[in-house]
Visitor: 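This structure is in structure tokens; I'll ask about it shortly.
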Amino acid sequence: QVQLVESGGGLVQAGGSLRLSCAASGRTSNNYAMGWFRQAPGKEREFVATIAWSGNSTYYAGSVKGRFAISRDNAKNTVYLQMNSLKPEDTAVYYCAAALFGRGNTKRFEYQYWGQGTQVTVSS
């Protein structure tokens, strides 16, 4: 089992930045790809970014590419999502997720473990 806890959400003006963190605990010695998803009110949960266990492979949704950056520190069992140039349409609950032996995973069903989410609100 892996437990995931997100933090770093909040209210920010358009054009601003936030850094989300996701701390993992439990069986973190396994090879997990990590991902970030988000869900806006009334919408489906959508893929945002993913990073391989090694950290040398990342993939982004087109809507955030060039503005968001995913990274990880395996020594701290933590994955980050740096969000720059935020837009009101980025407003959502952001979830981190873990995929055992994953790489380049963009689908929800590919992730076995999920955090509870952190709210990000971008005002115009």
Side-chain angles (χ1 to χ4, degrees):
Q1 288 284 346
V2 175
Q3 293 79 43
L4 303 172
V5 179
E6 303 96 335
S7 61
L11 174 64
V12 63
Q13 288 189 331
S17 298
L18 279 176
R19 188 195 196 200
L20 305 183
S21 299
C22 174
S25 60
R27 299 189 67 176
T28 57
S29 61
N30 288 331
N31 183 328
Y32 288 99
M34 297 297 294
W36 286 95
F37 287 73
R38 66 186 182 186
Q39 187 167 15
K43 295 189 176 181
E44 294 285 323
R45 191 173 300 187
E46 65 175 4
F47 167 77
V48 175
T50 186
I51 186 167
W53 168 258
S54 63
N56 64 2
S57 176
T58 58
Y59 185 74
Y60 298 91
S63 59
V64 307
K65 194 171 185 179
R67 300 188 297 123
F68 291 11
I70 189 171
S71 61
R72 68 190 297 165
D73 184 339
N74 289 342
K76 296 182 178 180
N77 294 323
T78 302
V79 63
Y80 305 96
L81 185 68
Q82 178 66 44
M83 305 186 295
N84 300 324
S85 301
L86 282 161
K87 305 175 181 180
E89 51 263 43
D90 294 317
T91 295
V93 177
Y94 283 70
Y95 298 89
C96 75
L100 183 62
F101 299 120
R103 184 182 179 93
N105 306 87
T106 64
K107 302 296 190 294
R108 290 173 57 183
F109 71 85
E110 295 176 307
Y111 290 82
Q112 294 82 33
Y113 302 103
W114 292 83
Q116 293 300 306
T118 185
Q119 177 71 47
V120 172
T121 303
V122 184
S123 63
S124 56

Visitor: Indicate the atoms forming the closest heavy-atom contact of Glu110 with Gln112, along with that distance.
Guide: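 Reported closest heavy-atom pair: O-NE2, 3.2 Å.
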Visitor: Taking side-chain hydrogen bond (donor to acceptor under 3.5 Å, both in side chains) as the definition, give me every residue that meets it alongside Ser71, ordered by chain and number, with sequence neighbours left out.
Guide: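 Result, side-chain hydrogen bond (donor to acceptor under 3.5 Å, both in side chains) vs Ser71: none returned.
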Visitor: Determine yes or no for a side-chain-to-main-chain donor-acceptor pair under 3.5 angstrom, with Thr58 supplying the side chain and Thr50 the backbone.
Guide: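 Looks like no, no N/O pair under 3.5 Å.
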Visitor: Of the non-hydrogen atoms in Val2 and Tyr32, which two are nearest, and what is the gap between them?
Guide: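 Looks like CG2-OH, 3.3 Å.
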Visitor: For residues 117-124, please give each side-chain donor-acceptor pair under 3.5 Å, one per line with the distance, not counting sequence neighbours.
Guide:
residue, atom, partner, partner atom, Å
Thr118, OG1, Gly9, N, 3.2
Gln119, NE2, Ala92, O, 3.4
Gln119, NE2, Thr121, OG1, 3.3

Visitor: Any donor-acceptor pair under 3.5 Å linking the side chain of Arg67 with the backbone of Ser85?
Guide: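 At least one qualifying donor-acceptor pair exists.
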Visitor: Is the backbone N or O of Ala69 less than 3.5 Å from a side-chain atom of Tyr80, with the two atoms forming a donor-acceptor pair by type?
Guide: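 It does not hold such a pair.
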Visitor: Which pairs of donor and acceptor atoms, one on a side chain in residues 96-107, lie under 3.5 Å apart (sequence neighbours left out)?
Guide:
residue, atom, partner, partner atom, Å
Asn105, OD1, Arg103, N, 2.6

Visitor: Could you check whether any side-chain N or O of Thr78 sits under 3.5 Å from a backbone N or O of Lys76, counting only pairs where one atom can act as donor and the other as acceptor?
Guide: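 The answer is yes, because a donor-acceptor pair under 3.5 Å joins these two groups.
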Visitor: Main chain of Gly16, side chain of Asn84: is a donor-acceptor contact present, judged purely on distance under 3.5 Å?
Guide: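 The answer is no, because no donor-acceptor pair under 3.5 Å joins these two groups.
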Visitor: Examine Arg45 relative to Tyr95 and say whether NZ or CZ is less than 6.0 Å from the centre of the six-membered ring and inside a 45° cone about the ring axis.
Guide: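 Satisfied, under 6.0 Å and within 45°.
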Visitor: With a cut-off of 6.0 Å (strictly less than), are more than 12 heavy atoms of other residues, nucleotides or ligands near OH of Tyr59?
Guide: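 For Tyr59, atom OH is not crowded (no more than 12 foreign heavy atoms under 6.0 Å).
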Visitor: Between Trp36 and Phe47, is the ring centroid distance below 6.0 Å?
Guide: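 Not close enough - the centres of the two rings lie 6.0 Å or further apart.
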